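A short worksheet on the structure shown next.
A, B, ... follow the sequence lines: proteins, then strands. Residue 1 opens every chain. Predicted, not measured: the structure shown is a model, and the values here were computed from it. Values below: all heavy atoms of this structure, side chains included; hydrogens, waters and symmetry mates excluded.
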2 protein chains.
Amino acid sequence: MSNAKVLPLVDPEGTGTAAPCCPPLTERPFTADEAETAARMFKALGDPVRLRLFSAVASHEGGEACVCDISDVGVSQPTVSHHLKKLKEAGLLTSERRGTWVYYRVEPSVLAAMGRLLSGGRSAGQ
Amino acid sequence: MSNAKVLPLVDPEGTGTAAPCCPPLTERPFTADEAETAARMFKALGDPVRLRLFSAVASHEGGEACVCDISDVGVSQPTVSHHLKKLKEAGLLTSERRGTWVYYRVEPSVLAAMGRLLSGGRSAGQ
DNA sequence: TGTCTATGTTGACACATGTCGAACCAGAGA
DNA sequence: TCTCTGGTTCGACATGTGTCAACATAGACA
């Protein structure tokens, strides 16, 4: 599975110079296209198991973790793999095989962009 | 429909003093309970139609809008109503009837808390 | 080479979700 | 009171999603 088809959700540098997928939620009504793109990210985090997996990876040292470290979320391993794939398809994680183990890593720029999307860059109070 | 059953997702003031539902995603692995709570919010925003509705309300003057202003999202009015109800149940919106029209309003503190959750507690611009 | 362990994939199933039309409810105004 | 308009709820349906068991694959090691 290639990581090449990560969605162009955000600017890779997180600088805000390259246009992210969407303006802050409070800035203007989303177009259908913007909503489709952003909803994909939110939907990926809209499952408790995926949220735990994502949080486990994000909070692990170096922002990466092998599957063996995070697969204790109460579901079978195929299910864990399934959810990790979903997170990867949403552009929130990337994976890399190193020997026996597969390591998953967060995309910090995506996290930052989603935070910006929600907090409007300002203090979220409009 | 009462707004009384809004979930205790975040501290109502957005000050961070009252404990929000969850730590930043990057701080520690979510517990099953934290994940369940936070996933409800993300899932609510994980649908394009809901995201457009929410963005339309959030970007409207005063942070509130009547249904008639935002129901042009390409689906029938019952469906719009259905999604607005979902957003309300997730604690992202509140509603109030004023005469003929029903007005929906965003919960700024919820937005801020979600931004904080994603950006690790810092100012979301990383 | 063969075997073992760690992951990913496939197929199938039950359940949740998005959508609509029709019916219903709440105010406004005549 | 009746009627009109804005909005919600109900019932039904098609689709999407989460889950697992079983199978397949990749690398390590003997």
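- Here the CZ atom belonging to A:Arg28 is positioned 8.0 Å from the CD atom belonging to A:Glu34, to the nearest 0.5 angstrom.
- Between A:Tyr103 and C:dT7, a side-chain N or O to OP1/OP2 separation shorter than 4.0 Å is absent.
- Atom-to-atom, CD of B:Glu89 to P of D:dT9 comes out at 9 Å; the value is rounded to the nearest Å.
- At a threshold of 4.5 Å between non-hydrogen side-chain atoms, the residues A:Ser95 and A:Arg105 do not count as touching.
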In B/S/- notation (B base, S sugar-phosphate only, - none; protein heavy atoms under 4.0 Å), nucleotides 20-30 of chain C written 5' to 3' is BBB---SSS--
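- Of the residues in residues 63-73 of chain A, A:Cys66, A:Val67, A:Cys68 come within less than 4.0 Å of DNA chain C through at least one heavy atom, sorted by number.
- Ion pairing between A:Glu64 and A:Arg98 holds under the 4.0 Å rule for side-chain N and carboxylate O.
- The nearest whole Å value for the distance from the CG atom in B:Asp47 to the P atom in C:dT17 is 11 Å.
- An OP1 or OP2 oxygen of D:dT17 is reached within less than 4.0 angstrom by a side-chain nitrogen or oxygen of A:Lys43.
- We find that CG of A:Leu87 is positioned 12 Å from P of C:dG8, with the value rounded to whole Å.
- Whole-Å rounding puts the B:Lys85 NZ to D:dC10 P distance at 7 Å.
- Whole-Å rounding puts the B:Leu84 CG to C:dG18 C1' distance at 14 Å.
- Applying the 4.0 Å criterion to OP1 and OP2 of D:dT17, one finds that A:His83 has every side-chain N and O outside that range.
- Put simply, the side chain of A:Met41 reaches to within 4.5 Å of the side chain of A:Val110, judged on heavy atoms.
- One can place CG of A:Leu53 at 12 Å from P of D:dG18, the figure rounded to the nearest angstrom.
- Side-chain contact between B:Ser59 and A:Thr26 is absent, with no heavy atoms from C-beta onward closer than 4.5 Å.
- Under the side-chain contact (heavy atoms from CB on, under 4.5 Å) criterion, A:His82 pairs with A:Lys86, sequence neighbours left out.
- The pair B:Arg52-A:Glu36 does not count as a salt bridge, with every side-chain nitrogen at least 4.0 angstrom from each carboxylate oxygen.
- One can place CZ of B:Phe42 at 17 Å from P of C:dT17, the figure rounded to the nearest angstrom.
- Using a 4.5 Å cut-off on side-chain heavy atoms (C-beta onward), A:Leu25 and A:Phe30 make contact.
- Distances shorter than 4.0 Å separate some side-chain N or O of A:Lys86 from OP1 or OP2 on D:dG18.
- Using a 4.5 Å heavy-atom cutoff, the side chains of A:Leu45 and A:Met114 are in contact.
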